[in-house]
Amino acid sequence: MGAKSIVASSSKKSKKQHNGKVKKNKKVKKVRKSKKPEVADILDKNEQDSGKSSSHVTADGILVLENKSDDDEGFDDYDGHFDNPTDALSTTEGSKTPELAVLGVEKDLANNDDFISLSASSEDEDTKQEEEKQKKEAAILEKKQKEILNTDYPWILNHDHSKQKEISDWLTFEIKDFVAYISPSREEIEVRNQTISMIREAVKQLWPDADLHVFGSYSTDLYLPGSDIDCVITSELGGKESRNNLFSLASHLKKKNLATEIEVVAKARVPIIKFVEPNSGIHIDVSFERTNGLEAAKLIREWLNDTPGLRELVLIVKQFLHSRRLNNVHTGGLGGFSIICLVFSFLHMHPRIITKEIEAKDNLGVLLIEFFELYGKNFGYDDVALGSSDGYPVYFPKSTWNAIQPIKNPFTLAIQDPGDESNNISRGTFNIRDIKKAFAGAFDLLTNRCFELHSATFKDRLGKSVLGNVIKYRGKARDFEDERDLVLNKAIIENENYHKTRSRIIHDEEYIEDSATSTATATATEDDYEIIELPVKKVKMETVEPEPKSGETYITVSSADDDDEDGYNPCTL
Ligand SMILES: Nc1ncnc2c1ncn2[C@@H]1O[C@H](COP(=O)(O)OP(=O)(O)OP(=O)(O)O)[C@@H](O)[C@H]1O
Ligand SMILES: [Mg+2]
């Protein structure tokens, strides 16, 4: 099968060396007190406690994680999903049940939109009809929900492909149905857009020099219904990642009823705040003063445009790992970013795709099976790293990657960050043993299922699922509408605008530099050349350097034409 010949090597050696330890997820009970202390109180308490314990709960109900170890740092804390897509809805204290993933009828009922207030008795007939209509609609909805909730693979309802001659084609259709099933509805996109706007507004209220940007799966359209929203706050003055600021923000968002279940990870290399936005039930991660995620979002969207089948396979693999609790980097799982890189490499190095022998979109079934085969059975985890060269994915020997030397445990996944070649984005995935096993098991299950169904009669095939053998979806009933074309994902628009603005700044910067260089060169050789004064665009530049550890320089430009249509201005949301 396709890609196996590319990177086959033994990982037997590693079986002895891998210690198989799995870190336990810390669980801290939440304590709620009625008194609402000020930030200073919270800080005092934290200062007293610091050094004594690795986590504690403030009087304000904010969970503080004092992680200092490398493994727990920064992005590796990202989970990405609720354990169950409905979990957040039920655990969010005092929140309204969000109308995510509910069929249209229920939404209307829940909103009371169908209720008609009648004051005159002459309208009794109308009322009766309305009630009848409501009852009928409620019955239909109940029936639909029952049907759906009784199955682990709801994407096959009313979507029968059992008559396909090739079982791999059947699987391809199921993959497409699954993706349509979990793709967002108009309401879900609107809820996400609104949630981001509200949090941004609150951030700007607290810090007028700051802005909030979205990166991660919402900004790449690679999110499952329960995926978190990754945000980053950048500021002109910088330094928003300080401990003091983290608590100010946590407290501010809590006061504005925009955050519950708050966790502050203050001492990590990449400090973050995690919380649940109570109106939507969406999990939010906020990091500070780092723009690499914004760069990655743009790159991933480019990959998606250039790589047919990438979105489908990424969503399937995400759901596959999510159902097995293997997607959480905090517990050694494989995060969303690593999954994208694995699938991207797989598709771009697949011999039959490279030679245009097959179209990825028409062969998603075979490709999924081969993905599981490659990373479950054949990939040489001990020796091979994934990276990129000139924008194309490559495999290269781990031993030549200086930034990850010395390698203590060879049986680990090594994926070079496309935006920073010294960063191994899968360094937190210490449970690669179980992930590999799960992939290998999925290959066996799927191939066996294909053989089994191939020899079954059409009657026996009816109501069966191929994909359901490896993926389950439990949660609220959804419809099959992918409504991404109906409403703008503002995270994508804003990210595009952010990059337009940035490239304009960089262009202006280079232009000024070029002008200066040209002038200097001309001056040096003024005997030979006529000196031409190049017009320099009038731009007032102000360089604001945040704390040196970020290693990045933020440039704000204020010029007369600042407010043009490219201007990144989230306030216009
Ligand atoms: N180890 C890492 N090093 C650097 N950046 C990372 C790392 N992990 C994540 N990121 C950044 O954070 C973003 C979000 O990562 P994450 O793993 O949450 O993926 P995701 O696409 O948002 O998936 P999910 O929907 O599961 O949350 C990535 O696109 C990347 O920019
Ligand atoms: Mg994410």
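Whatever order the structure lists them in is the order used to number ligands and atoms, beginning at 1.
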* For the Mg ion (ligand 2), what is the closest N, O or S atom on D230? -> OD2
* Carboxylate-amine/guanidinium contact K361 E312, below 4.0 Å -> yes
* Asked: Taking only residues two or more places apart in sequence, or in another chain, which ones meet R484 in a salt bridge (Lys or Arg N to Asp or Glu O under 4.0 Å)?
  -> D221, D482
* Asked: N/O to N/O below 3.5 Å, does that happen between T220 and ligand 1?
  -> no
* To do: Using a strict 4.0 Å cut-off to heavy atoms of D417, name the atoms of ligand 1 that fall inside it.
  => 4 (C)
* To do: Compute the shortest N/O to N/O distance between G216 and ligand 1 and return yes if it is under 3.5 Å, no if not.
  => no
* Asked: Counting heavy atoms only, which part of Y218 comes closer than 4.0 Å to ligand 1: side chain, backbone, both or neither?
  -> neither
* **Test: E188 and R192 ion pair at under 4.0 Å** => no
* **Atom name of the N, O or S atom in D228 that lies nearest to the Mg ion (ligand 2)** => OD1
* Between F379 and Y381, what is the ring plane arrangement, given parallel below 30°, perpendicular above 60°, and tilted in between? -> perpendicular
* T195 and I284, any side-chain heavy atoms less than 4.5 Å apart -> yes
* Asked: Below 3.5 angstrom, do we get any N/O pair linking Y223 and ligand 1?
  -> no
* Pull out every atom of ligand 1 sitting under 4.0 Å from any heavy atom of S227, numbered as shown with elements. => 25 (O)
* **Contact flag D285/the Mg ion (ligand 2), N/O/S atoms, threshold under 2.8 Å** => no
* To do: Can you sort out the partners of E201 under side-chain contact (heavy atoms from CB on, under 4.5 Å), two or more places apart, ordered by chain and number?
  => none
* Please step through ring-ring contact (aromatic ring centres under 6.0 Å, His included) for the pair F320 and F372, ending with a clear verdict. => CA-CA 11 Å; F320 171 84; F372 285 140; 4.9 Å; yes
* side chain to side chain contact (heavy atoms under 4.5 Å, CB included) between T291 and F215: does it pass, once the steps are laid out? -> CA-CA 9 Å; T291 52; F215 64 104; over 6 Å; no
* May I ask you to decide whether K398 forms a salt bridge with D383, counting only side-chain N to carboxylate O separations under 4.0 Å? => no
* Within the structure, does N292 bring an N/O atom to less than 3.5 angstrom of an N/O atom in ligand 1? -> no
* Asked: How does D420 reach ligand 1, if at all, at less than 4.0 Å between non-hydrogen atoms: by side chain, backbone, both, or neither?
  -> neither
* Structure fact -> Here the atoms of ligand 1 under 4.0 Å from any heavy atom belonging to G336 are 17 (O), 19 (O), 23 (O)
* Structure fact -> Near D228 (heavy-atom distance under 4.0 Å), the atoms of ligand 1 are 27 (O)
* Interfacing atoms of ligand 1 (cut-off 4.0 Å, heavy-atom, A296) -> 31 (O)
* Which of the numbered atoms in ligand 1 are below 4.0 angstrom from a heavy atom of D230? -> 14 (C), 18 (O), 22 (O)
* **Option nearest atom 29 (O) of ligand 1 (shortest heavy-atom distance, choices N327, I300, N424)** => I300
* Asked: Rounded to the nearest 0.5 Å, what separation is found between the CZ atom of F411 and the CD1 atom of I432?
  -> 6.5 Å
